[in-house]
Amino acid sequence: MPEPTQKTGSTFTEQQKTVQVAGGSRTEITTQTVKTGVQVKWQQDGKSEKTVSQTEHTKRTVIVDNKVTHQEEFSVVSGDAKGGLKQDVKLKESSVIPPPPGEDIEDSDETSSSEDEDESSSTSTPTPDDHSRSSDRKGSGWAHGEGQQHDADKRDDSQRSTLFIEKPNSGTVSVGGDIKFVAKMEAKDLLRKPVVKWLKGKWMDLASKAGKHLQLKDTFDRINKTYTFEMQIIKAKENYAGNYRCEVTYKDKFDSCSFDLEVIAAPDASQALDIRSAFKRSGEGQEDAGELDFSGLLKRREVKPEEGPEIDVWEILKSASPNEYEKIAFQYGITDLRGMLKRLKRMKREEKKSAAFSKKLDPAYQIDKGGRVRFVVELADPTVELKWYKNGQEIRPSAKYIFEHKGNQRILFINNCTLADDAAYQVCAGDEKCSTELFVREPPVLVTKELENISTYCGERVEMECEVSDEDANVKWFKNGIEITNEPRSRYRLKVDGKKHILIIDEADRGDSATYSVMTTGGQSAAQLQVDLRPLKILQPLTDMTVNLGKEINMKCEISENVPGRWYRNGQLVHGSDRVKIYHKGRNHRLIIPNCLVEDEGDYSFVPDLYLINIPANVHVIDPPKIHFDGLNYPDNTVVVVAGTKLRLEVPVTGEPAPKIIWSRGDKWITDLSGRIRAESYPDHGLLVIDSAEKDDTGTYRIMVKNEAGEAVAHIKIKVVDIPDAPLAPEVTEVGEDWCTMKWEPPLYDGGCPILGYFIERKKKQSSRWMRLNFELCKETNFEPKKMIEGVAYEVRVFAVNSIGTSKPSMPSKPFVPLAVTSAPTMLTVDGVTDTTVTMKWRPPDHIGAAGLDGYVIEYCFEGGGDEKQEKAEFTNQELDLLVDCVSKHGPHICGALSAKTTKGEKSKIWAEIQAKVNTKGGKNRSVADLKQKWNALKKQTKNKLSQVKKESNVENAVTPEPTKDLSSLEKRVEAMLQLEELEGTLDIKDDLEDDANGAENWIIANPEPTDKTRLTITGLPTGSKIFVRVKALNAAGQSEPRLHPNAILVKEVIVPPKIRLPRHLKQTYIRKVGEAVNLVIPFQGKPRPKVSWKKNGSHVDKTQISIRNSECDTILFIRKAERSHSGKYDLKVKVENLQDKAAIYIQIVERPGPPESVVIEEVWGENVALEWKPPTDNGNAAITGYTVQKADKKTMEWFTVLEHYHRTSATISELVIGNEYYFRVFSENMCGLSETATRTPNAALIEKEGKPYKRPEYSDFDFTEAPQFTHPLVNTVAIAGYNATLNCSVRGNPKPKITWMKNKVVIMNDPRYRMFSNQSVCTLEIRKPSPYDGGTYTCKAVNDLGEAEVECKLEVKVAQ
């Protein structure tokens, strides 16, 4: 609660004598009084001025719109009930920069209005005295826990608004009057209505006070796209005066504006500050609901001036009994009892002396932005742990937050304070807390270097520079009051260099002449920019010209400045066109007319823009007779006319005087003026008319132009053409997934001119709508339509196009359906190989299409051999003999009668078989091509010998000798094959040889019918041959691209050594109970298929009792019901040719054991009986694991178990009842359980009563004392600096040992940074917020009367990065 205001005289503490301001701008005049609540009136030239706004406390400000440009005098009068004081202020006009010429008055009005709005939203920069006095006032207020309106809010309002387009202005109202405050926001960039709050002071939300005296209203203007928010105060009262704030929020944007309300009261109104009015509450639904001061429930009383000293209600409440609180509140007009009790409780709590703090934090601190603040508390107990918090979050040491200890003082430094540090801070010492608030004040940014006036010429670079007091200041530039933004395409560039802010205009023009201003949060500066034109000089004038008609007119001039201009002919503006070329490059200006006309003659002049200079010249055009065909655009002077149309051929002519025009065709002059072909003459052109042109009109026509200056003759050809005939129906040659290939023949008649191209149209068969496929003519007679739907029938047709037009459409093509083959199958791999077969597998194609998938075709070919360029070894005699024998064996199929019926694939298999045999014999890796070449060479060699023998016999005219006498045995066998070829008339295999020599592949289809499976076995292959395999997918569109296996496949089963994969559980003894099933699955590997054999204990397995099933990869041993005879060692052997693998499996079949033998009672004494027995003869094929002993009273014969899982064969049974007789029996036990029967003692054991006295045994006390011993040692620890660290260990000993902690062998005593405690023999040493020098070796020592023990560890303290 602030102290009551002392009643002092009303005087001014701050006086402004003279204020200089530019004419037409706005200024603020500020004064300050010592006393608050003083009635202030401003007067202009002796008249009252109502634009007065009350600011913080004793500060008074008036906003003046200086619309006149002369000196004015203002005076401020302050007065209260006792007297008054008057202060005069002069408003003096400063130098005014006139606006640039040529600007409209409306622009200047808009500029001034925008400046008014900007100035009204800003607050004048306070003087140093203001800051010191406001700091004193805030310091006194904070000492009592209450803050006033902060300067930070004022500074926020001084910045330019981001959401407001019109802010509420401060105002004055008389008691009982009405006043309205208006705020406007632009809705152009807002998606929804913003949230607006009206506040009084710092926290009071006025939305809950709306009622009789306060009304809030908001509207939306759909035309101007603006939101309007209004706050109206009705029948204002004196306590309504104060500072108000309007806050607007939209998504992540925030803006606020402060304004003041001054309520002018009667001169005798009490100016005393009633602190109890803060606790008055307004009632809902009553007459005075909505009061801003919560005084609706109080009865209207007359205000009587208090003659004596003011009464402090809180002193009365603190000394009164709680029973009298309500009476005192009613007496002094306090109705908010709950708030009063909370305030009183807080005051009492503050008076309570703190046990932890001897000095607490101040209620609040204030620091400038970028400064350093120091929080100090003083502790009563320096060992108490202290923690600092910011808005509830613990503060850790860092470069920004520095902690310092000085005796009992704990100090927190905050470096480089920013607005983010404006928060509530709290320090906790144990269970007690102490709080404060930090207010960070952002100083206003001042303009330290003003803008300077600049005068320059057009095209120059302009830089306007100013300096501000802060490098990160928010500076805005304005041109005639309109903000300049730094957009990418803007002519203006804003540059920031530290505190310098520069406005750059690269190429200035006259439109840049204006008043430029810069505005910061604490000041502004303005300067004038004047851009003028440079003086113009004519460096090269225009010259007069005389030009023949049709020649070029080229006029050129050069001036000193690079400015545009205009050309005039006979006073008329000349515009650039295709005929008239106007060029401007730098300072040169040219006017070019390539083909001048008669009308181009005249007086020309060039006038530069912005200059009053005229550069003249005269052009004279002469015109001999001439015929102008160039303008007709007829190639080769040929006029093409469509048959049946009318031709009007106008040929332009020139000449002065007008020439005479004569038309002729051949030797005949055209003089008829009314026939189908006629000629007409005009001054500027000749006209030839042909009505309904015919084919015979084609020919060469002559035109002659004659006048006094001469004559001109020209020839022109006329060609009569027509559209072409329709092409023939197109033919579709190939189809694809969404395309097809079509071709057609050109039309029989081209219409008299070349065919330019063709248009193609397409439609669906069931549709009648044709669609054009090409918008550019197709020059060829084939086309490839695309983007068709697969599986849909289409038709196509063609149009022929010549220069006359488009022919009729051709007949549609035959319907066709686009279908696509599938993609190639994927992942073709070898699944298995034997001596005669190869099994392949693959995956379906990735893309199938609409035609689906009908199956697969597998093809293979035999490997042709190695590189042909590689030199190969000659055939040996063994290889030649084997080759001839194999060919002779398959002679009928190769070159005999069966050759024609033998397919190419079957022949390839025969040659592959021959290849495998020859390579096996010779080992030279001969290819099929090598074998065929050698066989062909043998045939050729034999034929040559036979022909030579025949020639010799003819020369000698002797008897024909037997050819076989000169042939070797090998050649004789070849001769037999040649005779077979001649007799059966078969072809030679030379063609096959040539195919192989050229590298042709003889692919053989493995499956004549397509298969729908993805796995196929190729059979009938020669052993030892190598083949290539490929697979194709089939559908209605055909075969896909083949998928080829990358490597050649050897047709020979690979021998894989046998290997038994014995399961883990079979590597130990396999145990089963009698009657259970035995099923052993043992996998193995090996190729070819291994031979499997089983033996039991060295003998073959009896398959009548044991079932054995073998497969290619595993073997199964199965026993349906196991018996003990099945136990034993089973040997498994897997064999592949000469390779084998063995494994041994041990099977044990067990069952329950038999009963023990001969259970005998050895001795009976007291309550005990000694039993003894022998192990059973039958252990159930398993070890005896124990025995179970039972007893039974002879009277009841009910058996009770006394021992279970007993391992010995003798036992002593105790705690028997004296006087009873007992029988005993014993069960044997193995892994299967107890024996089915038990062996009983033949006789009963009688427990007799003895008469001996009982003697109590004596026991000595146990000694529990022991020397100290650590049960858990200390552990080496790494701690982080600033975070508490603990060391723990556990010790035992009796009597309880004394614990001592040491650091580096030095005992730790009375150090507040260490805390030692022990609980349940666990010893703990806590190190509070260690630093690096706390690292070292720590020792815990335990000592008692019986000895001592110690344990140590190392502590390392690391600094957080």
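One-based numbering along the sequence shown.
Remark: side-chain polar atoms of Ser469 are paired, donor with acceptor, to backbone N or O of Leu446 under 3.5 angstrom. A distance-only check finds a donor-acceptor pair linking the side chain of Asn1344 to the backbone of Leu1346 [under 3.5 Å]. Judged by distance alone, with hydrogens and angles left aside, the side-chain atoms of Asn1288 form no donor-acceptor pair with the main-chain N or O of Val1322 at under 3.5 Å. Between the side chain of Asn1284 and the backbone N or O of Lys1329, at least one donor-acceptor pair lies under 3.5 Å. Distance alone, capped at 3.5 Å, is enough to place a donor-acceptor pair between the Thr436 side chain and the Pro363 backbone. Judged by distance alone, with hydrogens and angles left aside, the side-chain atoms of Thr418 form no donor-acceptor pair with the main-chain N or O of Asn416 at under 3.5 Å.
Side chains of Arg374 and Ile411 form a contact here, defined as non-hydrogen atoms less than 4.5 Å apart. Within the 4.5 Å cutoff, the side chain of Phe357 has heavy atoms near those of the Leu386 side chain. Contact check for Arg410 versus His405: side-chain heavy atoms found under the 4.5 Å cut-off. For the pair Pro1312/Pro382, no side-chain contact is recorded, criterion being any heavy-atom separation below 4.5 Å from C-beta on. Using a 4.5 Å heavy-atom threshold, the side chains of Leu419 and Asp422 count as separate. Considering only heavy atoms from C-beta on, Val195 stays 4.5 Å or farther from Tyr250 through its side chain. Counting heavy atoms from C-beta on, the side chains of Val1343 and Thr1300 never come closer than 4.5 Å. At least one side-chain heavy atom of Asp421 sits less than 4.5 Å from a side-chain heavy atom of Lys390.
A salt bridge links Glu247 with Arg245: the distance from a Lys NZ or Arg NE/NH1/NH2 to an Asp or Glu carboxylate oxygen falls below 4.0 Å. Between Arg1315 and Glu1326, at least one side-chain nitrogen of the basic residue sits less than 4.0 Å from a carboxylate oxygen of the acidic one, meeting the salt-bridge criterion. One finds no salt bridge joining Arg1328 and Glu385 here, because no Lys/Arg side-chain nitrogen approaches an Asp/Glu carboxylate oxygen to under 4.0 Å. Comment: Glu1352 engages Lys1305 in a salt bridge, judged by a side-chain N to carboxylate O separation of less than 4.0 angstrom.
When each of Asp1334, Thr1337, Asp1311, Leu1325 is checked for a side chain to side chain contact (heavy atoms under 4.5 Å, CB included) with Lys1303, only Asp1334 meets the rule. Paired with Tyr365 under the rule ring-ring contact (aromatic ring centres under 6.0 Å, His included), one option of Tyr425, Phe375, Phe439 passes, and it is Phe375.
The distance from the SG atom of Cys466 to the NE2 atom of His501 is 6.5 Å, given to the nearest 0.5 Å. Here the NZ atom belonging to Lys500 is positioned 4.5 Å from the CD atom belonging to Glu465, to the nearest 0.5 angstrom.
Shown here is Glu394, whose CD atom has more than 12 heavy atoms of other residues, nucleotides or ligands within 6.0 Å. Within 6.0 Å of atom NZ in Lys1354, 12 or fewer heavy atoms from other residues, nucleotides or ligands are found, so the atom counts as exposed in its surroundings. Under a cut-off of 6.0 angstrom, the local environment of CG in Asn1304 is crowded, with over 12 non-hydrogen atoms contributed by other residues, nucleotides or ligands.
Heavy-atom minimum distance, Pro1332 versus Ala1281: CD-CB, 4.4 Å. The two atoms that bring Val445 and Thr521 nearest to each other are N-OG1, 3.0 Å, heavy atoms only. Minimum heavy-atom separation, Val1357 to Ile1280: CG1-C, 4.4 Å. Between Tyr401 and Ile395, the shortest heavy-atom contact is CG-CG2, 3.4 Å.
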Evaluation steps, side chain to side chain contact (heavy atoms under 4.5 Å, CB included), between Phe403 and Trp388
CA-CA 10 Å; Phe403 297 94; Trp388 294 84; 3.1 Å; yes
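Aromatic ring pairs are classed by plane angle as parallel below 30°, tilted from 30° to 60° and perpendicular above 60°; the pair Tyr244 and Phe259 is parallel.
If you check the side chains of Thr1271 and Ser1290, you find a donor sitting under 3.5 Å from an acceptor.
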